[in-house]
Amino acid sequence: MGHADLRAHPVVHTRLTMALSPAPRLALRGDLLDFTGAPAWGDTASAAVRFRPDHWLLVEGGRIAGARPASEPLDASWERHDHAGRLILPGFIDTHVHSPQLDVIASHGTALLDWLDTYTFPAERRYADAAEAQAGADRFLDALLAHGTTSAVVFATVHPVSADRLFAGAEARGMRLITGKVLMDRHAPDGLRDDVEQAEADCRDLIDRWHGIGRLAYAVTVRFAPTSSPAQLAMAGRLCSARPGLYMQTHVAENVDEVRWVRELFPEARSYLDVYARAGLLAGHGIYAHGIWLDDEDRRVLRANGAMIAHSPSSNLFLGSGLFGWRAAEAAGVPVAVASDVGGGTSLSMQRNLADAYKVQAMAGERLSAWTALHAATRGAADGLGLVDEIGSLQPGAMADVCVWDWASGPVAQRRHAVAAALHEQVFAWMTLSDERNLAAAYVAGVPRHTRDPLPC
Ligand code: GUN
Ligand code: ZN
């Protein structure tokens, strides 16, 4: 392999499954960027942006302890990782992604319902096997970290072992993970259906073993209304109230054919969301993927129940599902986070999804700022999940889930970065032109879990 090849395929260092403990005192040098609140739509000079160029980010015992200008000396008690000239952000939070669907990312030629039948369901069947589930969970969690995503809300498969292995893998890596076994007792092929009784027992077992353990939480995971019988939806609704802090994740109003099908299956419901409301599912802390075809009453109900929308722009474009109305959700007070929805989505890279989110809004004549976009992948997502004290920012006390990024990679991005004058211009160009190849290091609770090069100590 020649030099050029080596640069195209940099050596990646992963230290993922060992129980590493953080350095007691760690200082990371770089340009620190995070948010102290939610930027207003369209405000490119928001006071909620906290930018601290060339600072040390101080980490003690795996948590953020503060920051100070790089010009101020640090005493010898600090282990230093000098990333000067790089951008340091809170680790990204992907609020909707399917672990088994790495196997079907970038599958050609179908919209949602055919895509599920043709590609997704066959791939998910493999996860009945514990060894497949284990390997898939490791592959997926490593991939998240290699894309700068340190926390995620994940759909496993219908098989309990798939959720179990994700929890175990996240625990080994110290990651904040919210997941659950998929509920699906009809309109799915053999090998991918559960039944109400067994599903309830499996969920309760997983909740007992994992919910609230370290940084893990259980999400009651209704795939979507068409694949659960009314009895299963009612059981899931009961589960949502079974233990404090349970999440509930599902898909809603993604695709017009899907919405029509739900209307046929549940004629008594006022809307697609109302199917979930009638089953008691709004009792869980709700994470609703897509929400493209909601109406004002749906948004009012989401808001009233403290639910959030996981907007999945690359998926919506790829599957041709539609253009999400971010402003309508915002006007209704519903938190919006950005998600990859891989494998309907085409990349785990949050920058790529944010760049797609900008284009989706542009199609509606709206201009998404880099601040609203990045907030939706960090602090805004954490807020929607009720985890703002733990993840999504660089505030003291938060877990040190932190990623270090090259500002620019390659001559086009480097030139664009060099001529950008204002901070928003620089960050917007970074968000639009960068991806996982810009990632230098990902720290979880102060431990470097993914590094591209040897750390610059
Ligand atoms: N609706 C039901 N299942 C799925 C899925 O796996 N991906 C997406 N994008 N939508 C869904
Ligand atoms: Zn999805």
Side-chain angles (χ1 to χ4, degrees), residues 94-107 109-127 136 140 144 149 152-159 162-163 166 178-189 192-194 219-228 232-233 236 247-262 265-266 272-273 275-276 281 286-294 308-324 337-348 353 356 360:
D94 190 342
T95 48
H96 179 71
V97 58
H98 299 252
S99 58
Q101 294 182 15
L102 283 184
D103 293 2
V104 295
I105 191 171
S107 291
T110 50
L112 175 65
L113 299 177
D114 288 339
W115 174 82
L116 286 171
D117 286 339
T118 311
Y119 300 113
T120 307
F121 287 157
E124 293 192 7
R125 284 168 75 156
R126 289 201 280 273
Y127 284 69
F140 171 76
L144 285 185
T149 295
V153 184
V154 183
F155 268 59
T157 67
V158 73
H159 317 101
S162 69
L166 277 172
I178 300 166
T179 190
K181 162 211 136 46
V182 169
L183 294 166
M184 185 153 63
D185 68 348
R186 65 171 178 172
H187 299 139
L192 275 189
R193 289 188 309 276
D194 52 14
V220 175
T221 303
V222 173
R223 178 166 216 127
F224 68 156
T227 46
S228 284
Q232 185 171 69
L233 291 174
Y247 291 90
M248 196 292 294
Q249 59 174 342
T250 192
H251 299 88
V252 71
E254 174 178 3
N255 162 293
V256 287
D257 291 333
E258 170 214 21
V259 173
R260 194 175 307 119
W261 192 21
V262 170
L265 290 170
F266 301 91
Y272 192 154
L273 183 72
V275 174
Y276 298 143
L281 288 163
I287 305 147
Y288 290 82
H290 309 296
I292 297 170
W293 307 103
L294 299 174
M308 70 190 290
I309 292 178
H311 168 38
S312 306
S314 75
S315 170
N316 297 163
L317 294 171
F318 185 73
L319 295 176
S321 302
L323 303 175
F324 172 66
V338 170
S340 73
D341 191 29
V342 160
T346 48
S347 177
L348 289 176
N353 281 282
D356 281 346
V360 167

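When a ligand or atom number is given, it counts from 1 through the structure's own listing order. Being a predicted model, the structure only gives us computed values, none of them experimental. Along the sequence shown, residues are numbered consecutively beginning with 1.
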Which protein N or O atoms sit under 3.5 Å from any N or O of ligand 1? Give atom names and distances.
from	atom 1	to	atom 2	distance (Å)
ligand 1	3 (N)	R223	NE	2.8
ligand 1	6 (O)	Q101	NE2	2.9
ligand 1	6 (O)	R223	NH2	2.7
ligand 1	9 (N)	E254	OE2	2.9
ligand 1	9 (N)	D341	OD2	2.7
ligand 1	10 (N)	H251	NE2	3.4
ligand 1	10 (N)	E254	OE1	2.7
ligand 1	10 (N)	E254	OE2	3.4

Angle subtended at the Zn ion (ligand 2) by H96 NE2 and H98 NE2, to the nearest 10 degrees, is 100°
State, without any angle test, whether S340 and N353 hold a side-chain donor-acceptor pair at a distance under 3.5 Å.
-> no
Taking atom types as modelled, is there a side-chain donor on H96 or H311 under 3.5 Å from an acceptor on the other?
-> no
Could you walk me through whether T250 and Y276 pass side chain to side chain donor-acceptor pair (under 3.5 Å), step by step?
-> CA-CA 9 Å; T250 192; Y276 298 143; 3.1 Å; yes
Checking only N/O/S atoms, does E254 have one that is under 2.8 Å from the Zn ion (ligand 2)?
-> no
For P226 and W261, the nearest pair of non-hydrogen atoms, with its separation, is CB-CZ3, 3.4 Å
Does a donor on one side chain and an acceptor on the other come within less than 3.5 Å for N316 and E254?
-> no
Report yes or no: does H251 have an N/O/S atom closer than 2.8 Å to the Zn ion (ligand 2)?
-> yes
For D194 and K181, work out which heavy atoms get closest and say how close.
-> OD2-NZ, 2.7 Å
Kindly indicate, with the supporting measurements, whether the criterion side chain to side chain donor-acceptor pair (under 3.5 Å) is fulfilled by Q101 and Y119.
-> CA-CA 9 Å; Q101 294 182 15; Y119 300 113; over 6 Å; no
Specify which N/O/S atom of D341 comes nearest to the Zn ion (ligand 2), by atom name.
-> OD1
Report yes or no: do D94 and T149 form a side-chain donor-acceptor pair below 3.5 Å?
-> no
